[in-house]
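Contents: one structure, followed by commentary.
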Amino acid sequence: MRAWASSRDPLTRRRWPTLASLAVLLLLLLVAGGLVAPAAFALDWEKVSDKDGVLVERRAVPGLRVSAIRVTARSPLAPGAVFETIWKQREHLEFVPYLKQLRILSDTGDERVAYEQLALPFVRDRDYTVRLRKRVGPAVDRYEILIESANDAGPPPDGGYVRVTNIRGSWTVEAGSDGNGSIVRYELQSDPGGIIPAWLVDGTQRHAAADLVRAMLKRTQERNGAK
C-alpha cells in the first residue's frame, strides 16, 4: 500500500507505489498497498485505461478531493497462488519499488499490523502503519485482504518522514468466471495531503496502483515457475 508529498515537495510526475500489501502508497503504495471493503466507496466506477490486460478505474468519494482507484487484472494461476504472494508481506522488500523498510508489529494469523517506510525520488520519504485483515474462502476460491490506517498502533512520527494517514483499500482474488486462472482486484483510497493538486495525486496513484498489481502478478509467476 504507498505515500505522497508534503507542503514543501516539488510537483513531479514520477510514479510512486502504494502498499497493498499493503496498503498504499502504495504505493501508494502499494505498496504494500496498499484496504477497506469496496462497499465503502460511493458512486460509479469510471474507466481510465485498459492496457495489456490491466483495467484501471476511478470514482469520486463524497467529501474527499482524491478519487478512489480500482485495478483489475487476470492471472493464469490459481487464486491461492496469487493470494500467497500478496500475503507474504515480508518478501515485498525484494520486489516492491521504493519500499525501504517493513516491520511486522503483530500477527495473529488472520490480522496483521505492519509499519512501512518508503524512499521516494524527489520528495521526502514517507512512513505509515496499516492493519491488514484476511478473509479466506478456499471452498469458493475467493480471498480478500482489507487494509486501513493504524498509525496509533505503530511508531510515533519522528520528523524524518512524512506520515501518511487515511489509507483504505482492498485486495480481492477469486477464480475466473470460466473457472480458469484468477481475477485480481486492488482498490485504494488515500489522500497524501499537502499542496499537491488533486489531479496530480490521482494520476500518480493510478500509475502506482497498476504497477503494484503488475509486480504482484509477476512475482507470483516467478514463484510458480510460470512464464
Indicate yes or no: at least one non-hydrogen side-chain atom of [X] is less than 4.5 angstrom from one of [Y].
X: Leu132; Y: Leu146; result: no
X: Glu116; Y: Asp127; result: no
X: Val130; Y: Glu148; result: no
X: Val71; Y: Val54; result: yes

Search all heavy atoms of [X] against all heavy atoms of [Y] and return the closest pair with its distance.
X: Gly80; Y: Tyr143; answer: N-CE1, 3.6 Å
X: Asp125; Y: Ala119; answer: OD1-CA, 3.3 Å
X: Val213; Y: Ala73; answer: CG1-CB, 4.1 Å
X: Ala175; Y: Pro79; answer: N-CG, 3.5 Å
X: Asn224; Y: Thr220; answer: ND2-O, 2.7 Å

Next on the checklist: Between Tyr115 and Leu102, does the side-chain contact (heavy atoms from CB on, under 4.5 Å) criterion hold? Intermediate values first, please.
Outcome noted: CA-CA 6 Å; Tyr115 169 75; Leu102 187 154; over 6 Å; no
Item to check | No-hydrogen, no-angle side-chain donor-acceptor test under 3.5 Å, Ser182 and Ser75 | outcome: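 No, no side-chain donor-acceptor contact under 3.5 Å.
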Answer yes when [X] and [Y] have at least one side-chain N-carboxylate O distance shorter than 4.0 Å, and no when they do not.
X: Glu46; Y: Arg59; answer: no
X: Glu174; Y: Arg185; answer: yes
X: Asp110; Y: Arg133; answer: no
X: Glu57; Y: Lys47; answer: no

To the nearest 0.5 Å, how far apart are [atom1] in [X] and [atom2] in [Y]?
X: Gln117; Y: Tyr161; atom1: CD; atom2: OH; result: 3.5 Å
X: Lys218; Y: Phe95; atom1: NZ; atom2: CZ; result: 11.0 Å
X: Arg142; Y: Ile183; atom1: CZ; atom2: CD1; result: 12.0 Å
X: Tyr128; Y: Ile167; atom1: OH; atom2: CD1; result: 6.0 Å
X: Arg70; Y: Leu55; atom1: CZ; atom2: CG; result: 7.5 Å
X: Thr85; Y: Trp171; atom1: OG1; atom2: CH2; result: 10.0 Å

Item to check | Pairs satisfying salt bridge (Lys or Arg N to Asp or Glu O under 4.0 Å), at least one member in residues 79-99, at least two apart | outcome: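 Qualifying pairs: Glu84-Lys88, Glu84-Arg223, Glu91-Arg219, Glu91-Arg223, Glu94-Arg219.
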Next on the checklist: Quick one, Gln189 with Glu187, criterion side-chain contact (heavy atoms from CB on, under 4.5 Å). Give me CA distance, side-chain angles, the key distance, then yes/no.
Outcome noted: CA-CA 7 Å; Gln189 176 184 313; Glu187 295 188 21; over 6 Å; no
Next on the checklist: Please check: side-chain N/O of Ser106 versus main-chain N/O of Arg112, any donor-acceptor pairing under 3.5 Å?
Outcome noted: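 No, the answer is negative, given that no donor and acceptor are paired below the 3.5 Å cut-off.
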Item to check | Donor-acceptor contact below 3.5 Å, side chain His92 vs main chain Ile86 | outcome: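 Pair found, side chain donor or acceptor close to backbone of Ile86.
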Item to check | Pairing residues for Arg74 by the salt bridge (charged side-chain N to carboxylate O under 4.0 Å, His left out) criterion, not counting sequence neighbours | outcome: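 So Arg74 forms a salt bridge (charged side-chain N to carboxylate O under 4.0 Å, His left out) with Asp178.
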Item to check | Worked check of salt bridge (Lys or Arg N to Asp or Glu O under 4.0 Å) between Glu111 and Arg131 | outcome: CA-CA 7 Å; Glu111 180 174 314; Arg131 177 172 284 104; 3.1 Å; yes
Next on the checklist: Count I, L, V, M, F, W, Y as connected when their side-chain heavy atoms are under 4.5 Å apart, and connections chain through other members. Are Val113 and Leu93 then in the same cluster?
Outcome noted: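 The answer is no; the residues belong to distinct hydrophobic clusters.
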Item to check | Hydrophobic cluster identity match, Leu105 and Ile145, side-chain contacts under 4.5 Å | outcome: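 No, because Leu105 and Ile145 fall into different hydrophobic clusters, even though each may have its own neighbours under 4.5 Å.
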Checklist entry - Using the ring of each side chain (for Trp, its six-membered ring), is Trp87 parallel, tilted or perpendicular to Phe83, with breaks at 30° and 60°? => result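 If you compare the ring of Trp87 with that of Phe83, the planes turn out parallel.
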Enumerate donor-acceptor pairs with a distance under 3.5 Å from any side-chain N or O in residues 150-157 to protein atoms, sequence neighbours excluded.
| from | atom 1 | to | atom 2 | distance (Å) |
| --- | --- | --- | --- | --- |
| Asn151 | OD1 | Thr129 | N | 2.8 |
| Asn151 | ND2 | Val164 | O | 2.9 |

Next on the checklist: One pair to check against side-chain contact (heavy atoms from CB on, under 4.5 Å): Gln221 and Leu77. What are the steps and the verdict?
Outcome noted: CA-CA 8 Å; Gln221 291 179 314; Leu77 299 173; 4.2 Å; yes
